[in-house]
S.K.: 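Here it is, the structure, as structure tokens.
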Amino acid sequence: MAKIVIDPITRIEGHLRIEAEVEGSRVADAWSSSTMFRGIEEILQGRDPRDAWAFVQRFCGVCTTVHAIASIRSVEHALGIKIPPNAELIRNLIMGIQNVQDHVIHFYHLHALDWVDITSGLKADPAKTSALAASLSDWPLNSPTYFKGVQEKLQAFVSKGRLGPFANAYWGHPAYKLPPEANLMATAHYLEALEWQKDIIRIHAILGSKNPHPQTFLVGGMAIPIDLDSQSALNADKLTEIGLLLAKAKDFVEKVYIPDLLAVASFYKEWAGIGGGVGNFMSYGEFPSDNSGKPEVLWMPRGMILNKDLTKVHSVDQEKIAEYVDHSWYDYAKGPGAGLHPWEGETKYNYSGPKPPYEYLDTDKKYSWVKAPRYNGLVTEVGPLARCLVAYASGHTEVKAAVDMVLAKLEVGPEALFSTLGRTAARGIETLLIARKLPEWLAALTANIKGGDLAIHNNEKWNPDTWPSEAKGYGWHEAPRGALGHWIRIKDQKILNYQAVVPSTWLASPRDDKGQRGPYEAALVGTPLADPKRPLEILRTIHSFDPCLACAVHLFDPEDGETVTVQVL
């Protein structure tokens, strides 16, 4: 069989290599390999647990807030700390707008070019493009003049041979199906989304002091003061500004993102039967109404779907999570076949066998820096699709209504959700619902403040002298890419062990001790390829997961000494 190697996969965070065997113009088998490593978890050992959130934000330059919140929740769980309602609402606002911004960026700037042929837009009639856009929504930038201006801008790029972000793609590929007018419309919205996301993420600057790497997270609550009469605190003017930005976010999602998603998906309905993957889905749940840790207080529910069965939602038990390294470039002290729970996890560079690069990976042995997490031995998909399926099967009112609306518009059944198209649609559905929910959290925060509740932090257990000699906890968060967990063990007021099992560790995992494929690998099997030399279809499925390999690998080698010298000129 012919073998395809895509290295690196672009339009993702981090470094990902995909190898695939092709038989009869279909993917017969696939292997996912992270070829990068970096280190945080070992660095944390011996440090104050209250400082961990600031370090773990550096797992990634994109997924910063998500690691901060998971870390803080792990410490709060270990020490039994409850936070004030205002702090919970501010956290929901920060994490909610993170999801909305991240999903819009993913659709337009990371995933859309798998479906949209930018160069085809040069052939479009701006008047027909305007008519198409107007038929989808009343977005103000729908005039023929506007689309003609975008087309001229695109032509100027092409004429100068400086295509910028559009330089490397399979333009003209036979798998592209959109008409020129739809391609021009999507190109215009690609450019608009760049400006939009820059504005709405200012909410992080207001509530978190900066973006990326917000500075106001704090074990026990938040570090942003509330004072309606102070310009250096969260006041009435800033609450009003946040409200205007949330309205802007919701407007773009409702009038641009969702119409574009439905329009593009209508041309690719066959992808409702491609990329289904492993069939098991897990959501930790997110957006709590209080700090009790109980599943019933979560707006997005916790649970598991097994074997694509939407008639039953199974509970999630963190004790059943283990990571395997039989096909990863690590060795456990317990030897091959061992699965370690994160509290006992090891992330030390103690493997001395062959490592990349290769012309081809030795996939019978170790071939990735990513570990292989399993839930009770099962390969499990996480992410927006998992959240959507768990909520849908749980009877979540808003999710069920939105999913049914999308399925009806695309004229497909619920089985279509288990696919590359379903994964992409679920991300849009979630974005829409969170964009509509965010103003409710802001209204609740404003009402608390007007009622005289200014509490933002619980100082009760801030003094380490009040801590037990040993403690352990875990913090869960549903990051844009899926279920994120941080596990911490504390001894004598210092971090004894720390492990993060991130969404892309679940999704990009290699084979485990039983030879079970990871979710990326399983989803690619059976994928049709119109032109194996230009494997656009592989990118469609991989990008539907929104990979982040920087988060997935956290290796540190304290013994290897200097590896590179950088001279400042």
Side-chain angles (χ1 to χ4, degrees), residues 38-83 87-88 90-92 94-95 98-99 204 207-224 284-288 291 293 318 321 323 341-343 345 347 373 382 457-458 461-462 464 467 471-491 493-506 548 550-556:
R38 60 190 304 180
I40 295 289
E41 289 163 320
E42 294 279 315
I43 295 173
L44 288 171
Q45 293 180 8
R47 296 184 183 273
D48 189 317
R50 296 169 299 179
D51 294 339
W53 69 272
F55 284 86
V56 298
Q57 283 197 82
R58 274 70 186 176
F59 278 154
C60 175
V62 175
C63 311
T64 58
T65 57
V66 301
H67 290 296
I69 192 69
S71 180
I72 281 177
R73 285 175 176 171
S74 74
V75 179
E76 289 170 348
H77 177 251
L79 301 176
I81 298 173
K82 305 300 180 184
I83 70 172
E88 198 72 83
I90 290 173
R91 289 180 182 184
N92 282 351
I94 291 175
M95 306 320 300
Q98 170 76 21
N99 273 265
H204 275 193
L207 296 176
S209 294
K210 61 179 293 192
N211 175 272
H213 306 298
Q215 301 297 295
T216 59
F217 285 106
L218 195 65
V219 170
M222 297 295 292
I224 177 173
Y284 290 155
E286 189 48 73
F287 302 117
N291 195 225
Q318 67 91 22
I321 294 171
E323 291 187 291
H341 183 275
W343 274 329
T347 312
V382 301
H457 186 262
N458 178 3
K461 296 184 180 180
W462 186 250
W467 300 354
K472 60 182 180 181
Y474 61 93
W476 281 350
H477 170 61
E478 278 296 324
R481 291 165 173 88
L484 168 64
H486 283 223
W487 280 260
I488 189 169
R489 292 177 62 193
I490 303 170
K491 184 175 181 180
Q493 305 172 353
K494 302 294 184 183
I495 296 174
L496 178 66
N497 197 18
Y498 199 101
Q499 288 288 305
V501 184
V502 314
S504 292
T505 315
W506 289 98
C548 182
C551 286
V553 180
H554 322 123
L555 185 71
F556 172 65

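Below, each value reflects all heavy atoms present in this structure, side chains not excepted, and no hydrogens, waters or symmetry copies.
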S.K.: Sequence neighbours left out, what passes ring-ring contact (aromatic ring centres under 6.0 Å, His included) with His77? Give chain and number order.
M.R.: Tyr474
S.K.: Can you name the salt bridge (charged side-chain N to carboxylate O under 4.0 Å, His left out) partners of Glu88, sequence neighbours left out?
M.R.: none
S.K.: Does any non-hydrogen side-chain atom of Asn458 lie less than 4.5 Å from one of Ile83?
M.R.: no
S.K.: Can you list the residues that meet the salt bridge (charged side-chain N to carboxylate O under 4.0 Å, His left out) rule with Asp48, with sequence neighbours excluded?
M.R.: Arg50
S.K.: Say you draw a straight line from NZ of Lys472 to CD1 of Ile488; how long is it, rounded to the nearest 0.5 Å?
M.R.: 13.0 Å
S.K.: Roughly how far, to the nearest 0.5 Å, is CD1 of Ile495 from OG of Ser74?
M.R.: 8.0 Å
S.K.: Kindly indicate whether the side chain of Trp506, heavy atoms from C-beta on, has any atom under 4.5 Å from the side chain of Ile321.
M.R.: yes
S.K.: Salt bridge or not between Glu76 and Arg91? Use side-chain N to carboxylate O under 4.0 Å.
M.R.: yes
S.K.: Sub-3.5 Å donor-acceptor pair from the side chain of Trp462 to the main-chain atoms of Val219, do we have one?
M.R.: no
S.K.: In Å, rounded to the nearest 0.5 Å, how long is the span from OG of Ser71 to CD of Gln57?
M.R.: 9.0 Å
S.K.: Would you say that Gln318 contacts Trp487 through its side chain, given a criterion of any heavy-atom pair below 4.5 Å between the two side chains?
M.R.: yes
S.K.: Would you confirm whether Asn92, through its side chain, and Pro288, through its main-chain N or O, come within 3.5 Å as a donor-acceptor pair?
M.R.: yes
S.K.: Applying salt bridge (charged side-chain N to carboxylate O under 4.0 Å, His left out), can you list everything that pairs with Arg73, at least two apart in sequence or on another chain?
M.R.: Glu286
S.K.: Passes side-chain hydrogen bond (donor to acceptor under 3.5 Å, both in side chains), His486 versus Tyr498? Steps please.
M.R.: CA-CA 7 Å; His486 283 223; Tyr498 199 101; 2.6 Å; yes
S.K.: With sequence neighbours left out, write down each residue that passes ring-ring contact (aromatic ring centres under 6.0 Å, His included) with Phe217, or none if nothing qualifies.
M.R.: none
S.K.: Could you work out, with side-chain hydrogen bond (donor to acceptor under 3.5 Å, both in side chains) as the rule, every residue matching Gln493, not counting sequence neighbours?
M.R.: none
S.K.: Could you measure the distance from the OG1 atom of Thr64 to the CD1 atom of Ile69? Nearest 0.5 Å is fine.
M.R.: 12.0 Å
S.K.: Applying side-chain contact (heavy atoms from CB on, under 4.5 Å) between Ile43 and each of Gln45, Arg47, Glu41, report the one that passes.
M.R.: Arg47
S.K.: Rounded to the nearest 0.5 Å, what's the gap from CG on Leu79 to CD1 on Ile490? Could you check?
M.R.: 4.5 Å
S.K.: Closest approach of Pro49 and Lys494, non-hydrogen atoms and distance?
M.R.: CD-CA, 4.2 Å
S.K.: Out of curiosity, Ile94 CD1 to His204 NE2, how far, rounded to the nearest 0.5 Å?
M.R.: 6.0 Å
S.K.: Treating Asn497 as the side-chain partner and Trp343 as the backbone partner, does any N or O pair qualify as donor plus acceptor under 3.5 Å?
M.R.: yes
